[in-house]
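To keep things clear, I will list the structure first and then write my remarks on it.
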Amino acid sequence: MEQAAHLVPLNWYLFLSTFLFCIGVMGVLFRRNAIIILMCIELMLNSVNLLLVAFSAYSGNSDGQVFVFFIMVVAAAEVAVGLALLISIYRNIGSTDIDVLNKLKW
Amino acid sequence: MYTLIYTCCLGLLCLVAEILNLRKLLIPIILGGLAAIFFVNYMDWQNVAPMIIGGMDMSHMIQVDHFTVAFNGLLIAAAALLFSLSADFYKDEQHHLSDYLAILLFILSGAMVLTSFSNLIMLFLGIEIVSISLYIMAGSRKFDIRSNEAGFKYFLMGSFASAILLFGITLIYGSSGSFELAKISSFAAVSGMNSPMFLVGSLLMVAALLFKVAAVPFHFWSPDVYEGSPSLVTTMMATLVKVSFFAAFYRLMSGGLLGIDGYTNDILVIVAAATMIVGNLIALSQENFKRLLAYSGISHAGYMLLAILSLKTDSSSALFFYGAAYVLATIGAFAVAIPVFKATGKETVDAFDGLGRKKPFLASMLTLSMLSLAGIPPLAGFLGKYYIFSEAIKNGYAVLTILAVLASIVGVYYYFKVILAMYTKTGDETEVKPSLLYTIVMLVCVGLSLLLGVWPGGLMGLP
Amino acid sequence: MSQLLFFILSTMTILSALVVVFTHKPMYSVLSLIVCFFTIAGHYILLNAQFLAITHVIVYAGAIMVLFLFTVMLLNLNSDSDVPKSGKLRIAATIAAGMLFVTLLASIKATTLGEFTLPPPSDKGMVEHVGQRLFTDYLLPFEISSILFLSAMIGAVLLAKREKN
Amino acid sequence: MMTILLLFFPLIASLAVLLGGSKLAAKLALGLAVVELAITGYVVSVFQASGPEAFYVFHSWIESPKVSFHLGLDGLSLIMVLLTNFLTPIIILSAFNRNTPHAAGYFSLILLMQFALVGVFTAMDGLLYYIFWELALIPIYFIALRWGGENRVAITLKFFIYTLAGSLLMLFGFIMLYWYNPDQSFDIRELYRIYITDGNQSWLFWMFFLAFAIKIPIVPFHTWQADTYRESPTQGTMLLSGIMLKMGTYSLIRWLLPILPVGVATWGPLAITLCVVGIVYASIIAIKQRNLKNLLAYSSLAHVGLIAAGIFALNIQGLQGSVVQMVAHGVNVVGLFFCADIIFNRTNTNETNELGGIRNLAPQFTTMFMIIVLGSVALPLTNGFIGEFLLLYGVYEYNTWLSVFAGLTIILGAVYMLRMFKKVMLGETGIRVPEFPDLYWNEKLALSMLVIVIIAMGIYPQPIMDMAEPVLQTILNKTVI
Amino acid sequence: MTFLGLMIPLLPLMGFLVNGLLGKFLPKGSTGWIGSLSVLASFVCVLLLFKDLGAAQAISIDVFNWISFGHIDISFGLWIDSLTMIMLMVVTGVGFLIHLYSIGYMHGDHGFTRFFTYLNLFIFFMLLLVMGSNYLMMFIGWEGVGLCSYLLIGFWFKNEAYNDAAQKAFVMNRIGDLGFLMGMFFILFHFGTLDIQAVEGLATGLSADSTLLIGITLLLFVGAIGKSAQLPLYTWLPDAMAGPTPVSALIHAATMVTAGIYMVVRSNVLFAMAPTTLTVILWIGVATSVFAAVIGLKQNDIKKVLAYSTVSQLGLMFAALGLGAFSSGIFHLVTHAFFKALLFLGAGSVIHALHGEQDIRNMGGLKKLIPVTYLTFILAALAISGFPLLSGFFSKDEILAHAFEQDKVVWTILFISSLLTAFYMFRLVFLTFFNNFRGTEETKHHIHESPWTMTLPLIILCVLSVIGGLIGIPAVFHVSHLLDTYLSAVTEPSASLLHHGEKLSHSLEIGLMTLAGLAAIGVILYARRKYITLKAMPEADSAITGLPKLIYHKFYVDEIYESWIVKPVFKMSEWFGTFFDKQVVDRLVNATADVMDSGGKSLRLFQTGNTGFYVFAMVIGMVVLFIIRLLI
């Protein structure tokens, strides 16, 4: 196991995370449904988490792992607040389409 | 050192007070508490010591120094003014009062984290505390579609920016191996320029912070959110929060990324120039007062970026003074605007029509605030602007400063739009009656603006 | 072996992530995101972060995604209500994200991380160690994050509670 | 100490008037302005004996970017302060019997303006000076905005922003100077000493020149002027044209010439050409102006153009001439605008075509008006002549052909002024002049003061020149490179 | 003597102040006497001073230091020498007579007090002009008299045409004044002083006819052209007849217009050292003399005829100066002051009698109705025409003799000019006083001789016109030339500088005098035949055609000035004011604001309100930052 893991270069994690991050970004740009966008943001956060853990593991210092806990905390809080906002909006306009939200402009 | 803790406790106290049915006493309690905290903070100035919790030295998380103390003082003062405004503002929402106030206090504590962090994790947490609380506050008028929209837009973009910030932090961690500002700083000084990952990480962090301070091209949220949010929240965003983000930005750049300023500064120059131009130009054609101030806030962000750019020669005092002047002027303006909005039911500039005739006192307060924002002597805004320009020129950003000078000329036009509305137009005969606290806030803000403009005294060159 | 695992997990991660983005039905998105999170948990185990992997599954799959699921169902979202963006915007979005990816990679490509090697498994990823750090070095952020939670909690209640207008 | 009293008394007076209420405002303001004038008179009387050293005030003010509260009264400053404090009571007096609404605010702003102007003329620290410079803009803006004519809003805003634009460039210039100064301060004594490379002087010149050129104004930066003069209430116009323009010319002498001698040497020829072109240009335009205030505005433009030209001639007679003419023009133009106001007050029009025949109805007014007109067309034995003589001689020494061109003002000035006088005062009674009561006591008093000064200065200008001479010589020596 | 010297200008000034400030409190009519007596007192002072002051002596009075800057001091100083003395006597003497006359003439006028106020002020300034010890002092007087001229021409201010004339006079004078001013600058710059005596002393150190001296003298002469109404700046003088007639007599005949002559003589050393300038002066004088005389032939307004005659005579004086005959110029100045003042006063008396009628076509036969006027007028006309042994005869012949000495062409032209003068003067006399009255019966009924205040000055001036020549009887009669001798101290320095032609032999000189006298008589007789015997009448305006029409319309000089100078300037004013200033200069300023405004308006369109777009923009912004960083 350790021998095998040895063979995974850190670069790959970097690549994977970056790719995942960009998929998340694309999702945010791609979709109109607020919930999906939220999920894409979660995806971005997870790519960060993955990279942090990878860095932490490879450098042998656990700060990265601890940080991930905090990111999870924040993500949870964010989601809670976000979904609450979403519900509140849905009650008012009956939609979760972000393109409908354009009262405020110019 | 413990102002942060005390502020958090004050927030908790708020929630407890609700349970104990002490709603009526909330504001006095908070104001008293803030006064006490301000005093504690003042004592810190004399005796800066590391923060110790449970026998453990926390200075790798929080570093209290003069910079922190100065900015904390400003934040506390701003918060006190804002809380004074909140009593009247939330008169019709008594059942949520303690929630709102608690959240506002949490924002203050988050902002205090931002002024004192010495670890990226604290930066991140500080930003999130402030941001998440603000998402809530922005959307807190839940039957108002505009408030919903503001809250949600802010939330979506803010989370997105948080993700970017995190990615940047991660890359920095990956290359430097630490979240501690001191270690990052030494890494940046030694090998920062040779580590592409570090540079990209810094750039992503800078981008995220530029989003938080609403600099072009990451500014899009701010006009919409300012306009849609309840006025008091807008005031808070424009003052306390903005200044704390700038403090964080300054701290990050000076405490961590100073070694690679050759890399970041070119970017910041472009961003600052674009911010000043875009903010000022768009503000010219705004009709909504809050939106107008949002764009004006964008342009002020451009000026404050000049201070960030010149941090090599320790421009923190310039940033501080500018921030103070800006906070005072903006709160002063909103202290007039909120009662006017309430009375007229409009939030556009023409809500002020004829105020000069109806209420000369209110009009003069707003006028002085606007003049201070426009940077006209002898108000504090002028000295702030002067100070920042001076620092920028000292660091060789002469051309950018000329641009800033020209941009601020444009700025005068839209500030005067408000003044002109008050003095040259005739409005309907709605009675505007600001409460006593509002009047006091106005007087304090404008008085301090004048005083600082004439006698900056120790406040100049403070941190 | 480890590389193979990495590849399998990574492929699943990416595919499920893409499904999240491209599927039309919100419900599918949620489900595939859960899959994605599980694969990431697999990565964590690969990286010797066992405690984190558990927590990840519990928090993300167990709490956050359930929250999403609830919301999707509560709001009765289905594919009909999900209007896709116009073609042009989709292309623009793809290009923008692609460009971000390219520029990010181009900027950090010179970094030589291949030399890093995974240290031998240690207790670093174990609950004892993490807990130890969390309550000593990271005590302050830990406490502060409670403020964040508190704020979010109040906010969520404030916003989502049904009230009379 | 006297300097501080001199500076802050108007500020206190302004507050007192504001608090005193509208009924008393005019009288109170006048009384306080007269007290200020008396203080000035006292200073002048002891100035000869004590010299300028007695009036220096120096306090440190801001530590970190070193700004000091440095005031000084040398001959040049004292002359300008005297002008300000002499004209202010007259300006206030001119507003008597006019039923100004919100009088407390109005007179308070006038006194605030006086405060700022005295500050500009006494400040010896760059930033302090700059603060007063901009401060002066605010009261005049509000005076014009609240008590002005129909189209005031857009016009005054343009005025404000235009002049502010120039000022901000000057601020930039000052900050540059600050950093060029090895000791890093704005103190004028140090700024006079610092070394600035030729290249830097060359572009810094424009930062300052633009600010002053807009304020003075020098063609082609003058387009705010005529409109603003027309739309401002008379007292505002008087303040603007009588004193505020002098801020620009004073600053040229005080700040631009000695600090940036190379810049002046490089761009001076262009500047003086602009000035001279402006003189002729403005004079020609003035001929056909139909609105009295517009005409006076253009005439003022021509006159200050000559003042600026004399300054850029860089010789003692040019500088002396500019100082004398600053005072002379201040007195004359205030008188002229006051006359315009008297006419407007009685006929409700300033269109020259609708006026005429006033001479018959108001002989006293006519005489006063005539003398002021003569002063402004530079008839010998009036103040205008001394100034123009010295200025033209200064320009002559600089360049003969320029002086011939500038000298056209002698001819064109007579053309437009007399044409105006003829249309307004002479001939058959105009359609808007059914009856025209002669001067009221306050008008008579104010105009007689002006007329006395016009003639006295024309006959014996030497005290002013003696007062200014040492300062001007010092400054002149600094411009020699 | 200093006291007397100071009193001379101060007395009229006091008269001015008393009349001007207290006039309305004084009893009606007394103001005229105050004005007149102040001038008389001044005249007495002049006489007392004359008694004390020797011909070669001079007094210098420094009142105070007027302007000093750098190393230059200009004092407020007076200088009295023989030349000044002569001018003082003319100014105060003739001035007093005209004041006296005005008491009658202006009686009952609405602005009686005002008139005397102005008149006293004029005398004050004129005295300063002639007494000034430096050019700047002279310039005070120079412009001051211009002002009074302006005030008095436009005295009846309700009449638009009069106001225009006044303004024209002032502006045209100002053109000349600019020249004078520039001349002063030249002097000040090169000599460092404006003191006339000092300048003359310094100038002699320069080489003759140097560019500098030519420049200075030409510029000063430009001033003289304006003030003394020479070509091409003469057109204001005929228009100036709009003023009350005593004004025309005092200012526009006897004193102010001769200031140019005085100035040249005062600076005679400078001019003598610049022969080129003298030539210019000569030819301008000659041209003016004949040009104005020709115009005078066809004028029908009694005052206009006299005005052109004045222009012509001034030209003659300048010709004398151009010839270097400075004292002859002054001599003619003095005699001219007598007879031209008399002519104007006489004309005034006529106009007074006819209640304002000025057109000679409506006069005639007045000699019996106003005999005193008639008699004095005709004697003055004879004097100006050069009737033998009258004052004009001597002074004019002196100039002609000088001309003959130096240039025959000049002599010829001047001779013709003087014949023309004789003709138009007698055309005027005959048409006015002889034959039958051509006005209405009504008017005729009211004609009466003027009161004594008016006739007394006429008689005194008449005596002076007749005997005035005595001060300058030519050397051929073996009597000393009083004036020449008296002025010699002033003109001596220049005389040595000039190279006069061959002195005329006595016989030739007598021959020339005889010729001139006879020719004048001949022309008068011709005029008599034409206008009395043949009863020729000037045509009505519409009937004038051809060359006479050209002359009648003064060669259309005014019209040319109007359309070539005045109109273009006005057009330019209009264009600059309404188009260039507003549409170009101001438009540029406003355009800046507009660009900002439209820039803002288009930029705000990016703020679409669409969150998707915002995020998109953020991403693109980041990409751009990365690309910038990658590229730089």
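Just so it is clear: chains get the letters A, B, ... in the order the sequence lines come, proteins before strands, and each one is counted from 1.
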Non-hydrogen atoms of chain A under 4.5 Å away: do they reach the side chain of [X], the backbone, both or neither?
X	result
C/A63	neither
C/L104	side chain
C/S151	neither
C/L158	neither
C/M153	neither
C/F7	side chain
C/V157	neither
C/L100	both

Please check this pair: side chain of [X] against backbone of [Y], looking for a donor-acceptor N/O pair closer than 3.5 Å.
X	Y	result
A/S88	A/A84	no
A/R91	A/L86	no
C/D137	C/R133	no
A/S17	A/Y13	yes
C/T23	C/V19	no
C/S32	C/S16	yes

Taking side chain as everything from C-beta outward and backbone as N, CA, C, O, which of these in [X] sits under 4.5 Å from a heavy atom of chain C? Side chain, backbone, both or neither.
X	answer
A/F70	side chain
A/L38	both
A/L20	side chain
A/L50	both

Among the listed options [options], the residue most often paired with chain C at heavy-atom distances under 4.5 Å:
options	result
A/V28, A/D63, A/V25, A/I37	A/D63
A/L43, A/L83, A/V79	A/L83
A/L85, A/V74, A/N49, A/D99	A/N49
A/V66, A/V81, A/I87	A/V66

Contact winner vs chain A - [options], heavy-atom pairs under 4.5 Å:
options	value
C/C36, C/G98, C/G155, C/S29	C/S29
C/I14, C/T13, C/L134	C/I14
C/L67, C/L74, C/V59	C/L67

Look up atom [atom1] in [X] and atom [atom2] in [Y], then write down how far apart they are to the nearest 0.5 Å.
X	Y	atom1	atom2	answer
C/M65	C/F38	CE	CZ	11.0 Å
A/M72	A/E42	CE	CD	11.0 Å
C/S10	C/L46	OG	CG	8.5 Å

Taking the six-membered ring where the residue is Trp, are the ring centres of C/F6 and C/H43 under 6.0 Å apart?
yes
Do C/F37 and C/Y44 make the cut of ring centroids closer than 6.0 angstrom?
no
Ring-plane angle category for A/F19 and A/F15, please: parallel below 30°, perpendicular beyond 60°, tilted otherwise.
parallel
